[in-house]
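A short write-up of the structure that comes next.
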Amino acid sequence: MSRYSAAEIEAKWQEAWSQAELFKAVRSADKPKYYVLEMFPYPSGRIHMGHVRNYTMGDVIARYKLATGHNVLHPMGWDAFGMPAENAAMAIGGHPKDWTYSNIADMRGQMKPLGLSIDWSREFATCDPEYYGQQQALFIDFMDKGLAYRKNAVVNWDPVDMTVLANEQVIDGKGWRSGADVERRELTQWFFKISDYSEELLDALDTLDNWPAKVKLMQANWIGKSRGLQFAFGLIDGPHGTDRIEVYTTRPDTLMGASFVGISPDHPLAKQLERDTPDVAEFCALCRKGGTTAEAIETAEKLGYDTGLRVRHPFDTAWELPVYIANFILMDYGTGAIFGCPAHDQRDFDFATKYDLPINPVFIPTGAEEAPLTQAFTPLKSETVHYVRGFAGEAAQTGDDAVATAIDFCESNGVGQGVTKFRLRDWGLSRQRYWGCPIPIVHCDTCGVVPEKKENLPIELPYDVTFDTPGNPLDRHPTWRNCSCPTCGEPALRETDTMDTFVDSSWYYARFTAPHASTPTDMAEAEYWMNVDQYIGGIEHAILHLLYSRFFARAMQITGHLPPKAIEPFNALFTQGMVTHEIYLTRDAAGRPVYHLPEDVTDGKLADGTAVEIIPSAKMSKSKKNVVDPDQIIAQYGADTARWFVLSDSPPERDVEWTASGAEAAFKHLARVHRIATEAASSDTAANPTEDDALLRAMHKAIHDVTGGVESFGFNASIAKLYAFTNAVAKSKAGAATKQQAAKTLAQLMSPMTPHLSEELWQLLGGDGLIASAPWPQADEAMLVDETVTLPIQINGKRRAEISVPADMPKEEVEKLVLAHDAVIRALDGAQPKKLIVVPGRIVNVVV
RNA sequence: GCGGGCGUGAUGGAAUGGUAGACAUACCAGACUUAAAAUCUGUUGGGCCUUGUGCCCGUGUGGGUUCGAGUCCCACCGCCCGCACCA
């Protein structure tokens, strides 16, 4: 009897699939299409278990859909632009392009042995000029429709390296390389006008029935629609004729609790004062220290500067409020100015306490007495409270009602107007870096900012660049910038900024439908293949990538690159959990962390005996080096074992901590299946009606349960059922024919997960053609219903006994049986039951 | 700080509001073997005693809704993800 040899089997069947061109996606009218897509990888150089998990899940769906008669599109590509390539060039020399393409070759080489049902003929990398040239064409079309424009935005500025830093490169407010204090500085940048679609992107979330509710909720909160009041405080003796400060508030009902007005350090008034007053300039400079992230700004110590200016309260001109410049007020939300109501906002409360400002409650809990506050009182807006300083509506009303009546009152009294605002900002796409898609723009002294001619695309990155000094190599390239103006033909300069890599990944799904078209898409192909029926990727992309992609689908429709049906490009989304692993690190002389790969760490020590610090269970990331190499598992046990293992241990949506312990067990199981099927194939046991029927029932139950698991992303549940069915087959005394039928079905049910082994067993058991193209087995409903069921009997909700009854026994009969049961008689002790609940086929509860 | 999620045996986890711990790992015991590996079989949440078709406790903590809560609601604790220049 032959042993299970993964290496032999896997190479053989991969070749067979390739010969049969089984996974090549071709448009065809005779089958329904199915487009399954996993988020494409960044070519870091090595695949890790997270990739294996992601692509195996997609592959299960793709193979299952193939078996259920679909025309499947399952492509793969590379999200190939980005910082790590430049960092590598700086750290170890070499060129980002060479580094990236060499990584892609390595990773493709690691992925192919996994036996994924991918149409490799559609592969591309976003750094291919063929791809990014079309992206430049899209940019020009977007610009044409007013969807791309320029304005100022703040960036992280490293004053020592004289360069822009990514948020990731700012550590505790300091530049990662120079260690200098980072400052926020304004630059002119390109933006996509995603804010035009705020309402639309929010409303359309309701149509995404097969998206996780949590993702939709996160996106809705991110878009952040709010209804509020915009109005002005009159400024007393403002500088340079400034006579008012516009504020926006979502809580106009708390206007009578106002105790100060705060403006952003970037507010025009602050900037005016900054020019005139050294103290203000000093304070604003202090506020601009640190990185640009919301997190950095919001967790920084709250600082205020009393400008000495005063404003009048809109309801009482005798009531004056001080004007502070405060570091926690963002210029790009609302008007960049707020009024503080310390009684009902904890941040304002802390601020008022610090600067000794009044704290006057506007409302108090219903039935309570007004009392001094020790912290802000911030009930949900849906809660009814008692207004003690209200000015519109009843004394007792909900916050929501009070806000609405306050807006009405203010509008009818000429104090501002109700407005709807969104938190979503326009998408800044300029990056002052080399390894990205060049923005196809020319700066001409006479014509200004002009788009490049489409026939000149792609604007290719120059190869001859150096990374020995910080900053963008395109800026210091001797000739690349020089060009002629597309409008007047005079000498002009190219834009040297490149695009955010999120742009690359915002339309790759569309490009896969026609990866080599000479326009961004081919409408006939897009019409056929769009939408992505199932998109699979990490929850970390819940907001940005998915929101940007939704915006791009709309923008591409307006510019004629996608059909209307693709307005929401992803019909169904599944967010897999992340693969986590411990992080191992030591410290360099300056105390900065140095990370180590798991394979270099044994028993908490490096090879030279140095003990490492261990950070438990963190997201696998190249930069932290807590990645695990699947190669070794594939070499030792085969791809099927790796695939089976990553699917079996954890629910797909949950994080999984990678451990080596399960791999061997997975291998043993596959070897066992191989053995069982081999035995079945050579069995000559005579038919046995009772045993045969029992095995067939188990088989149909397995078909039903495994199929249900695959369709609902319960791959771990499917695998548990496959274990149970394997045990049933192994133990069964059924006749040879039935056992062979069961073994064939087992192979088929396993085939999306372990395609190579399944092909081998299919052939061994005399299956027709390739299992990969065999029709998926159907469960016979009649074989799924048991004739008798075990009914647990609960007494006061606790299980105390059980009875076995025919599945279709009427409720009344069940009740009689239950009341006659010893345990029930004992519990009742002669009394009548208070209640008797019979849930047919499930449970009985007796309340005594 | 803000937004979102998760929390069940020694471990990964299962469980349309209906028998908590399926399925697996690990451990232990047994069979086979000169031995080991492999394989096969069986046990395993905690406690109590009267060892039973027994009782009590048990799904992060504390409350609540319900005939019945791991599941729904509220509060808290812990961990994870995102926060617009990491991808």
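Each chain gets a letter, A, B and so on, in the order its sequence line appears, and its residues count up from 1.
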Heavy-atom donor-acceptor pair, A:N167 side-chain to B:C85 base, under 3.5 Å: no
Candidates A:N472, A:D497, A:T163, A:D475 - the one meeting side-chain hydrogen bond (donor to acceptor under 3.5 Å, both in side chains) with A:Q432: A:D497
Ring geometry between A:F551 and A:Y197 (parallel below 30°, tilted from 30 to 60°, perpendicular above 60°): perpendicular
Identified pairing partner of B:C83, criterion: Watson-Crick or G-U wobble below 3.5 Å: B:G1
Parallel, tilted or perpendicular: rings of A:H51 and A:Y55 (30°, 60°): parallel
Side chain A:R433 and base B:C85 donor-acceptor under 3.5 Å: yes
Closest listed nucleotide, where the reference is the side chain of A:K835 and the choices are B:C86, B:C81, B:C67: B:C67
Nucleotide nearest A:R675 (side chain, heavy atoms from C-beta), chosen from B:C55, B:C85, B:U39: B:U39
Side-chain-base donor-acceptor pair under 3.5 Å for A:Q189 and B:C85: yes
Counterpart base for B:C76, defined by Watson-Crick or G-U wobble contacts under 3.5 Å: B:G60
Selection from B:A84, B:G18, B:U19 that lies nearest to any side-chain heavy atom of A:R799: B:U19
Closest listed nucleotide, where the reference is the side chain of A:P651 and the choices are B:G68, B:A38, B:A14: B:A14
Among B:C86, B:A84, B:C67, the nucleotide that comes nearest once only the side chain of A:Y548 is considered: B:A84
Closest nucleotide among B:A84, B:A38, B:G68 to the A:N845 side chain: B:G68
Given B:G4, B:C85, B:A87, the nucleotide with the shortest approach to the side chain of A:D79: B:A87
Closest to side chain of A:E295, choosing from B:C23, B:G1, B:C86: B:G1
Under-3.5 Å donor-acceptor pair between A:Q794 side chain and B:C67 base: no
Among B:A14, B:C23, B:G3, the one nearest A:R654 by side-chain distance: B:A14
Selection from B:A38, B:G13, B:A24 that lies nearest to any side-chain heavy atom of A:K668: B:A38
Mutual orientation of the aromatic rings belonging to A:Y508 and A:F40 [parallel < 30°, tilted 30-60°, perpendicular > 60°]: parallel
Touch class at under 4.0 angstrom, heavy-atom based, for A:Q346 against every strand present: nothing
N/O donor-acceptor pair under 3.5 Å between A:K354 side chain and A:K302 backbone: yes
